[in-house]
Trainee: 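Let me give you the structure first, and then I'll get to my questions.
Note that ligands are numbered from 1 as they come in the structure, with each ligand's atoms numbered from 1 the same way. Just so it is clear, the model here is predicted, and its values are computed rather than measured.
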Amino acid sequence: MIEFQDLSKIYHSGDNPVKALDGINLKINKGEIYGVIGFSGAGKSSLIRCVNFLERPTSGKVIVDGHDLTSLSTKEIRDVKKNIGMIFQHFNLLNSKTVFANVAMPLTLAKVPKDKIRQRVSELLEFVGLADKADFYPDQLSGGQKQRIGIARALATQPSILLCDEATSALDPQTTNSILQLLKKINQDYNITILMITHEMSVIRQICDRVAVMEAGKIIEEGTVFDVFSSPETETAKNFVSTVMHDELPDSIKKALEEHDGLQKVYKINFKGNSTGQPLLSELAKKFDIHFNVLFGNITELQGVPFGNLVVEFQGKQNEIQRALAYIKEKEISVKEVISHAS
Ligand code: ADP
């Protein structure tokens, strides 16, 4: 549906060239919500703007619906772009025009007959929940309402792809939620593929199916939201994940662990999916001659799948602990030693 092949973008505006995209390879499937996350300057905007040719790639390919944009004529690109809507962090509405005229704009430009425009704009305003605001001006609306108008305008020509450039970054958390729910509904009701860039991991967690982490123009990690959130590999991904997963140990426990403060053998047990429902510790206590001291626990949900970890001190004889660990691993539950201070 959208594919980047060895895509690079170099800007030559200042004294030194800036390599904003550096050999990007990525495939986004039809109907999925794909998130790209990275710090400011990572290259996210450059990437998303290559999809609708707001930026021309320096090299590599951008393939949209089977068409390699880099090989098309200007007119052919215009045709492909009709199939792509975009929403922006600061909404990009025309303040001098009414809500109706803003939403109608892409249809007016496409010379759609007036009665059809009226009908389509009414449907769109109804869909975004602002049917009563047609005659208002953007300045009379809240940020969330402005973004809803931006969304209605982006959907006017019935695109199959929606690009979201930091679409919720200017909104408060509650409004962000309602806009994300609306995007999810658009994706589900109309099977529209959504590519969104953001610096907020909570946005990715809430609605994306897959995620790519960008740094210095490259994709450094990629996968399903579940995989990246439950087992981030790079430092950058770990940092992003920790902003939403709150799996950091409380300071007092960290201190106790660092000082081995009376603690013997401490393990971190990672539960995923079905394993979260298993009464693992009580099973272990029955099967083996050991006791448990739970130091920290955290269970959450990712894409509808439970996920979490427990930090537990195992108290007992060495061989019993080893047998218990082997039993946990047999169940394909990950377990990692945090401290070992064998008695
Ligand atoms: P992000 O969206 O992740 O913040 P950008 O794609 O905006 O990243 O920017 C990537 C790099 O490219 C940055 O170093 C930025 O300063 C540079 N850049 C972006 N747009 C331009 C431009 N039009 N001219 C020159 N440099 C640019």
Trainee: Are Lys331 and Glu283 within salt-bridge range, i.e. N to O under 4.0 Å?
Mentor: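 The answer is yes: the pair qualifies as a salt bridge.
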Trainee: Ring centres of Phe240 and Phe39 under 6.0 Å apart?
Mentor: yes
Trainee: I'd like to check Phe4 versus Leu47 (side-chain heavy atoms, cut-off strictly below 4.5 Å). Are they in contact?
Mentor: yes
Trainee: Using a threshold of 4.0 angstrom between heavy atoms of the protein and any atom of ligand 1, which residues qualify?
Mentor: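 Answer by chain and number: Tyr11, Ser13, Val18, Ala20, Phe39, Ser40, Gly41, Ala42, Gly43, Lys44, Ser45, Ser46.
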Trainee: Might you confirm whether atom CD of Glu126 has over 12 heavy atoms from other residues, nucleotides or ligands at distances under 6.0 Å?
Mentor: no
Trainee: Using a strict cut-off of less than 4.0 Å between a Lys/Arg side-chain nitrogen and an Asp/Glu carboxylate oxygen, indicate whether Arg120 and Glu123 qualify as a salt bridge.
Mentor: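 A salt bridge is present here (some side-chain N lies under 4.0 Å from a carboxylate O).
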Trainee: For the residue pair Arg148 and Phe127, would you count it as a cation-pi contact if the rule is NZ or CZ under 6.0 angstrom from the ring centre and within 45 degrees of the ring axis?
Mentor: no
